[in-house]
Amino acid sequence: MLKRELNFIGETPLLYLVATPIGNLSEFSPRAIETLKTMDYVACEDTRNTGLLLQHFSIRVPLISCHEHNEETAADKILSLLKDGKKIAYASDAGYPVISDPGARLAKRVLEAGYKVSVINGPSACLCALVGSGLPADHFYFYGFLDSKPSARKKELSRLVSFPDTMIFYEAPHRIKATLKDMVNTFGQDREATLCRELTKTHEEYLRGTLGELASVDAETLLGEMVIVVRGKPETPSEVTEDTILEALGTALQTMPSKEAIKSVSQNLAVPKNRVYDLYLECFKKN
Ligand code: SAM
């Protein structure tokens with residue numbers, strides 16, 4: 001049944017979902033700080049991390065631990081505090097709770113119990129990366145983390161091979177090399193992409209190029225937190241000219257055998273393999 005809620009009118013208790021900085025502490029909003037100062041409790045993913053953040057902003061409020069592994073029991077406790085009329089906020093370690101972080105189950109339980117939730121906006125690595133990527137942002141798809149197991153990751157990527165809009169992936173530094181390699185094998189080495197590293201921090205860096213170029217970057221230099229933004233599948237095959245195919249093929253043949261190059265160009269430009277093969281025979285094959 002449809003429910004309409006005016007968040008700040010009426011007596012119903014409310015849980016604040018508070019976004020926190022993804023690096024640069026100056027991005028903690030005045031509204032977030034003011035809200036947290038007035039809370040009876042702040043529930044959080046990691047009491048040590050959030051404790052340090054609150055200490056930095058002179059916010060003295062008792063903390064409640066609520067992470068991936070205790071979210072349901074922590075939700076019981078938070079619900080009983082809301083019932084007693086206590087003011088409570090929830091924060092994850094960085095960025096928005098819920099977005100590749102705990103908080104979704106808590107919010108669902110709070111709503112199901114008839115209480116309200118309100119979001120205090122702030123930074124998110126996903127939007128920051130998209131905006132800085134230089135890739136189309138009219139439509140985009142936030143994927144979050146791919147599976148850590150190689151076979152499952154490849155399957156997930158293969159489902160996205162024809163996706164037309166920009167895609168945003170989170171990745172950990174120890175898996176970045178393997179993930180970029182899988183992306184090259186799935187989307188093709190010429191697919192445009194931006195790797196956004198250490199956003200809002202001193203070593204913030206954007207690496208803009210193709211997946212093939214990103215995959216060949218020395219892994220030792222890809223440290224810290226990172227987001228990969230990948231352009232969607234290029235437009236319809238009819239728009240792809242011979243020159244475009246020949247150029248892509250020429251580049252691909254520099255780094256891979258002909259069979260692989262033909263497959264990669266065909267996938268990446270979304271043109272039939274035999275069209276690429278015919279051009280290969282005509283222009284590249286040595287007799
Ligand atoms: N809740 C967060 C948000 O709203 O963006 C995401 C948390 S998720 C556990 C952590 C991942 O977000 C990292 O592995 C990385 O992919 C991305 N991330 C977080 N902070 C980042 C930063 N400063 N620069 C680049 N990526 C970041």
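Indexing begins at 1, ligand by ligand and atom by atom, following the structure's order.
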- [ ] For atom 18 (N) of ligand 1, grab the closest protein heavy atom and report residue, atom and distance to one decimal in Å.
- [x] Ala125 CB, 3.4 Å

Task: Arg109/Asp76 salt bridge by N-O under 4.0 Å criterion - done: yes

Task: Side-chain ion pair, Lys149 and Asp147, N-O less than 4.0 Å - done: yes

Task: Nearest protein heavy atom with distance in Å, relative to atom 5 (O) of ligand 1 - done: Tyr170 OH, 2.6 Å

Open item on the list: List ligand 1 atoms under 4.0 Å from Lys201, heavy atoms only on the residue side.
Closed with: 23 (N)

Open item on the list: Is it the case that atom NZ in Lys155 sees more than 12 heavy atoms from other parts of the structure closer than 6.0 Å?
Closed with: no

- [ ] Could you tell me which atoms of ligand 1, counted from 1 in the order shown, lie closer than 4.0 angstrom to a heavy atom of Tyr96?
- [x] 1 (N), 3 (C), 4 (O)

Open item on the list: Counting non-hydrogen protein atoms only, what is the nearest one to atom 20 (N) of ligand 1? Give residue, atom name and distance.
Closed with: Glu225 OE1, 3.4 Å

TODO: Under 4.0 Å from a heavy atom of Ser124: give me the atoms of ligand 1 that qualify, with their elements.
DONE: 3 (C), 4 (O), 5 (O)

Open item on the list: In this structure, does ligand 1 have an atom that sits under 4.0 Å from one of the heavy atoms of Phe145?
Closed with: yes

Open item on the list: Donor-acceptor pair, distance only, cut-off 3.5 Å: does the side chain of Tyr280 make one with the backbone of Lys259?
Closed with: no

- [ ] Under 4.0 Å, heavy atoms only, figure out whether ligand 1 is touched by the backbone of Leu199, its side chain, both or neither.
- [x] both

Open item on the list: Just to check, does Ala94 reach to within less than 4.0 Å of ligand 1 when the distance is taken from its heavy atoms?
Closed with: yes

TODO: If you have a sec, work out which protein heavy atom is nearest atom 16 (O) of ligand 1 and how many Å separate them, to one decimal?
DONE: Met226 O, 2.6 Å

Task: N/O separation below 3.5 Å, Gly23 to ligand 1 - done: no

- [ ] Give the residue, atom name and distance (to 0.1 Å) of the protein heavy atom nearest atom 7 (C) of ligand 1.
- [x] Asp101 OD2, 3.4 Å

- [ ] Answer yes or no: is there an ion pair linking Glu192 with Arg208, defined by an N-O contact shorter than 4.0 Å?
- [x] no

Task: Heavy atom of Val227, distance to ligand 1 below 4.0 Å - done: yes

TODO: Would you mind listing which atoms of ligand 1 come within a distance below 4.0 Å of any non-hydrogen atom of Gly95?
DONE: 3 (C), 4 (O)

- [ ] Would you check, one step at a time, whether the test salt bridge (charged side-chain N to carboxylate O under 4.0 Å, His left out) holds for Glu5 with Lys116?
- [x] CA-CA 8 Å; Glu5 294 168 354; Lys116 301 172 180 177; over 6 Å; no

TODO: Heavy-atom contacts with Glu171 under 4.0 Å: which atoms of ligand 1 show up? List them by number with element.
DONE: 14 (O), 16 (O)

Open item on the list: To the nearest 0.5 Å, what is the distance between CZ on Arg191 and CG on Leu269?
Closed with: 9.5 Å

- [ ] State whether Lys154 and Glu156 are salt-bridged, where the test is any N-O pair (Lys NZ or Arg NE/NH1/NH2 against Asp/Glu carboxylate O) under 4.0 Å.
- [x] no

Open item on the list: Within the supplied structure, the quantity of interest is the number of heavy atoms (other residues, nucleotides, ligands) at a distance under 6.0 Å from Lys177 NZ; does it exceed 12?
Closed with: yes

- [ ] Ignoring angles and geometry beyond distance, decide whether Pro123 reaches within less than 3.5 Å of ligand 1 through its nitrogen or oxygen atoms.
- [x] no

Task: Flag, side chain of Thr210 to backbone of Asp190, donor-acceptor distance under 3.5 Å - done: no

